[in-house]
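In listed order, ligands and their atoms are each counted from 1. The analysis underlying the following values was restricted to heavy atoms, covering all of them including side chains, and did not include hydrogens, waters or symmetry mates.
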Amino acid sequence: MTFDNLREYLNILEEKGWLKRIRVNVSSIYEIAEITNRICKSSGEALLFENVDRYDIPVVTNLFGSMERIKLALGYDRLEKLGEDFLSLSKFRLDNILKKLSSIKDIKRYMNSYPKVVKKAVCKEKIIYDVDLNRYPILKLWPKDAGRFITFPIVITKDPENDKINLGTYRMQVIDKDKTLIHWHVHKHGYKNYLKNLREKKKMEVAVVIGCDPVTMLCSVFPIPENIDDYFFIGFIRKKPLKIVKCETLDLYVPANSEIVLEGYVTDEVRLEGPFGDHTGYYSQEGYYPVFEIECITQRENPIYVASVTGKPPMEDAYIGKAVERIFLPFIKFLIPEIVDINIPIEGLFHNILIVSIKKQYPGHAKKVMFSLWGLEYLHLTKIIIVVDHDVNVHNWFDVWYAISTRVDPARDVVIIKNTPTDTLDHAASNLNLGSKMGIDATRKFKEEIGRDFPEEVEASEEIKRLVSKKWYEYFH
Ligand SMILES: Cc1cc2nc3c(=O)[nH]c(=O)nc-3n(C[C@H](O)[C@H](O)[C@H](O)COP(=O)(O)O)c2cc1C
């Protein structure tokens, strides 16, 4: 089961005891952030602040700050299954559709993945041309933040070359009552669309949704490959079409169930953005980002404002990152079948550390896997890759360190590559967006790799293990 709008999801969270209501008046400046930060580091519930300053709009934070809540939102208990299902649908398409679509259910699911255009929508209950962002409880999180930031926007743009729609969550700093900056990093799809519009000297249409059904919100963060239509992927997860409606002033479509929609344009004007207390736990650097001019706002009569609070991990984004790891593992295994499992640890902040286990088949295989991973979508930003054998549990740091300490000869097994693209938020990189990578081959070495056999690991025989297990009670009683 998936949810048709944000409210349905909030109701179920409350029923399950996974949402806390805060009725006392709180401030949108720092106070909500500090409360959310403490909850993220302890009990972890989603928070609904009913009375925020003088605003008549409630604020929700930490909506997806647990694996249970993300699984509930997506309607999958095992997130890998989502990736597996999508992959099998794509395989049907790659093969002979008629031969392989084994059941009516598959055809139905495929057809239901396409969005449905509707004429009436709750997000049009109010249409506002006298734009004033001061009417919304936009948060300021940390003392050195440059201002108020919209932290969980769904930024909708179109590729001018093929009209493909993209959804991406990129924070937005408010710089005027009708203007924000959009902080899309250079590797992101929103930025690519922006560059294409700039080259064609076009004013770029941008719609920004704040709060909508949870599948769409999560998909705005998921690294959906460039060639997959985001609305199709959302419909696929929902198992029913996403209803979309045309914007009032733009040739763009937004989810009909949206709480708030900002409609406007991005031109070639850029201004200094930041600093901002980021998900790395550090303030991210100031940088030039484009100005978004809002011409119209459409919204529900009584909207709910959704925000994400960033800071030292673990915060909400940590769980979304873990969900991404599980959902996209089947896609990665499809492309690199020797992979057994992957761990992108929360403390590695998505792009800094990745541990991968492989079924090693030939000398140098670990290095082949590193380079394959560095060749994939956003995994190309991964700073450190550690490759271990299939029998090492990538989720257990003891096992991983043990493999590193016993199977690595640094001069032979550590690869350093200079001047590669790095995450914009890698504060340690030598240059912005450009730094080095390290690969560590912590696999058992083949004879061809070290000129001798790798020693066997110490283990009791099965016979003695059975005997000791059988007599275990006797030894100590
Ligand atoms: C709460 C939150 C805030 C984010 N803010 C940004 C941001 O400011 N800039 C950015 O490039 N990515 C940001 N991201 C990550 C992107 O949303 C993510 O990389 C997504 O895949 C981008 O969409 P795209 O692949 O279609 O470009 C954020 C993620 C979360 C969960």
Side-chain angles (χ1 to χ4, degrees), residues 33 36-37 40 46 60-65 69-70 73 139 141 145-146 149-159 164-174 180-196 206 208-211 214 216-234 273-280 283-287 289-290 292 306-311 313-325 327-328 331 344 346 349-351 376-382 421-426 432-433:
T36 308
N37 184 33
C40 285
V60 174
T61 62
N62 201 30
L63 196 53
F64 301 115
R69 295 209 291 281
I70 295 179
L139 306 187
L141 305 184
D145 282 3
F149 285 81
I150 302 172
T151 49
F152 210 145
I154 299 166
V155 179
I156 302 175
T157 55
K158 201 195 283 179
D159 183 332
K164 193 189 155 289
I165 291 295
N166 187 70
L167 273 58
T169 290
Y170 321 111
R171 73 169 183 247
M172 297 164 57
Q173 181 184 335
V174 177
T180 76
L181 303 172
I182 304 187
H183 179 259
W184 40 44
H185 296 160
V186 294
H187 314 104
K188 305 298 169 79
H189 299 141
Y191 179 81
K192 283 187 189 167
N193 289 344
Y194 164 65
L195 268 194
K196 286 183 188 177
V206 178
V208 175
V209 168
I210 304 170
T216 304
M217 290 194 68
L218 285 167
C219 283
S220 172
V221 181
F222 290 170
I224 301 169
E226 201 170 331
N227 296 325
I228 296 175
D229 189 283
D230 287 11
Y231 279 145
F232 182 88
F233 196 73
I234 291 165
E273 198 259 12
F276 173 75
D278 226 310
H279 82 113
T280 55
Y283 284 99
S284 53
Q285 278 178 293
E286 292 179 343
Y289 285 88
F292 172 50
V306 185
S308 189
V309 175
T310 48
M315 299 295 277
E316 176 179 26
D317 60 285
Y319 302 93
I320 304 179
K322 268 287 152 197
V324 168
E325 171 199 294
I327 293 167
F328 288 87
F331 293 84
I344 304 175
I346 286 173
L349 306 164
F350 309 148
H351 298 304
L376 296 179
E377 194 73 4
Y378 294 148
L379 286 177
H380 80 272
L381 297 173
T382 311
T422 52
D423 182 29
T424 306
L425 299 183
D426 182 355
L432 182 67
N433 297 321

- prompt: Where do Gly277 and Asp145 come nearest, in terms of heavy atoms and distance?
  reply: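 Of all heavy-atom pairs spanning Gly277 and Asp145, the closest is N-OD1, 2.7 Å.
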
- prompt: Against heavy atoms of Pro223, which atoms of ligand 1 measure under 4.0 Å?
  reply: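 The atoms of ligand 1 under 4.0 Å from a heavy atom of Pro223 are 21 (O).
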
His189 ring center within less than 6.0 Å of Tyr170 ring center: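 No, too far apart.
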
task: May I ask you to identify the nearest protein heavy atom to atom 14 (N) of ligand 1, giving residue, atom name and distance to one decimal place in Å?
output: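 Nearest protein contact, heavy atoms only, for atom 14 (N) of ligand 1 is Thr169 O, 3.2 Å.
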
Closest approach of any protein heavy atom to atom 22 (C) of ligand 1, naming residue and atom: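 Residue, atom and distance for the closest contact: Tyr170 CE2, 3.8 Å.
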
message: Below the 3.5 angstrom mark, is there an N/O of Asp230, backbone or side chain, next to an N/O of ligand 1?
response: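 No, Asp230 has no N/O under 3.5 Å of an N/O on ligand 1.
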
- prompt: Looking at ligand 1, does Ser220 have a heavy atom less than 4.0 Å from it?
  reply: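 True for this residue.
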
- request: Could you tell me how the ring of Phe149 sits relative to the ring of Phe276: parallel (under 30°), tilted (30 to 60°) or perpendicular (over 60°)?
  value: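 Tilted, since the angle between the ring planes falls between 30° and 60°.
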
- prompt: With under 30° as parallel and over 60° as perpendicular, where do the rings of Phe328 and Phe222 fit, or are they tilted in between?
  reply: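 The arrangement is perpendicular - the two ring planes meet at more than 60°.
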
- request: Give the residue, atom name and distance (to 0.1 Å) of the protein heavy atom nearest atom 18 (C) of ligand 1.
  value: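 For atom 18 (C) of ligand 1, the nearest protein heavy atom is Val221 O, 3.4 Å.
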
- prompt: Can you list the ligand 1 atoms lying under 4.0 Å from a non-hydrogen atom of His183?
  reply: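 Here the atoms of ligand 1 in question are 7 (C), 8 (O), 9 (N), 10 (C), 11 (O).
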
message: Show me which atoms of ligand 1 lie under 4.0 Å from any heavy atom of Phe222.
response: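 Numbered from 1, ligand 1 contributes 21 (O).
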
query: Any idea which heavy atoms bring Leu141 and Ala33 closest together, and the distance?
result: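 Looks like O-CB, 3.5 Å.
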
- prompt: Backbone or side chain, does any N or O of Asn166 fall under 3.5 Å from an N or O of ligand 1?
  reply: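 Between Asn166 and ligand 1 (N or O atoms, distance only) the closest approach is under 3.5 Å.
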
- request: Provide the number and element of each atom of ligand 1 under 4.0 Å from a heavy atom of Tyr378.
  value: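 By the 4.0 Å cutoff, the relevant atoms are 21 (O), 24 (P), 25 (O), 27 (O).
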
query: Can you name the nearest heavy-atom pair linking Arg69 to Asn62, along with the distance?
result: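 Closest approach of Arg69 to Asn62, heavy atoms only: NH2-O, 2.7 Å.
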
message: Under 4.0 Å from a heavy atom of Ser308: which atoms of ligand 1 are those, numbered in the order shown and with their elements?
response: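 Checking each atom against Ser308, I get 1 (C).
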
field: Contact check, Leu167 vs ligand 1, heavy-atom distance below 4.0 Å
entry: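 It does; at least one heavy atom falls under 4.0 Å.
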
message: Within the 4.0 Å heavy-atom shell around Gly168, which atoms of ligand 1 are there?
response: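 Once the distances to Gly168 are compared, the set is 23 (O).
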
- prompt: What residue and atom, counting heavy atoms only, is the protein's closest point to atom 12 (N) of ligand 1, and at what distance?
  reply: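 The closest heavy atom on the protein side is Lys188 NZ, 3.1 Å.
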
- prompt: Where do Leu432 and Thr424 come nearest, in terms of heavy atoms and distance?
  reply: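 Nearest heavy atoms, Leu432 then Thr424: CD1-O, 3.8 Å.
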
- request: Please work out which of the three classes, parallel, tilted or perpendicular, describes the rings of His183 and His185, given edges at 30° and 60°.
  value: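 Geometry flag for His183 against His185: perpendicular rings.
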
task: Check the angle between the aromatic planes of His187 and His380 and answer parallel, tilted or perpendicular using the 30° and 60° thresholds.
output: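 Perpendicular.
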
message: Within ligand 1, which atoms have a heavy atom of Thr151 less than 4.0 Å away?
response: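 Counting atoms of ligand 1 from 1, those under 4.0 Å from Thr151 are 1 (C), 3 (C).
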
- prompt: Any N/O of Phe152 closer than 3.5 Å to an N/O of ligand 1?
  reply: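 Between Phe152 and ligand 1 (N or O atoms, distance only) the closest approach is not under 3.5 Å.
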
message: Could you measure the distance from the NZ atom of Lys164 to the CD1 atom of Ile228? Nearest 0.5 Å is fine.
response: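 Answer rounded to 0.5 Å: 8.5 Å.
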
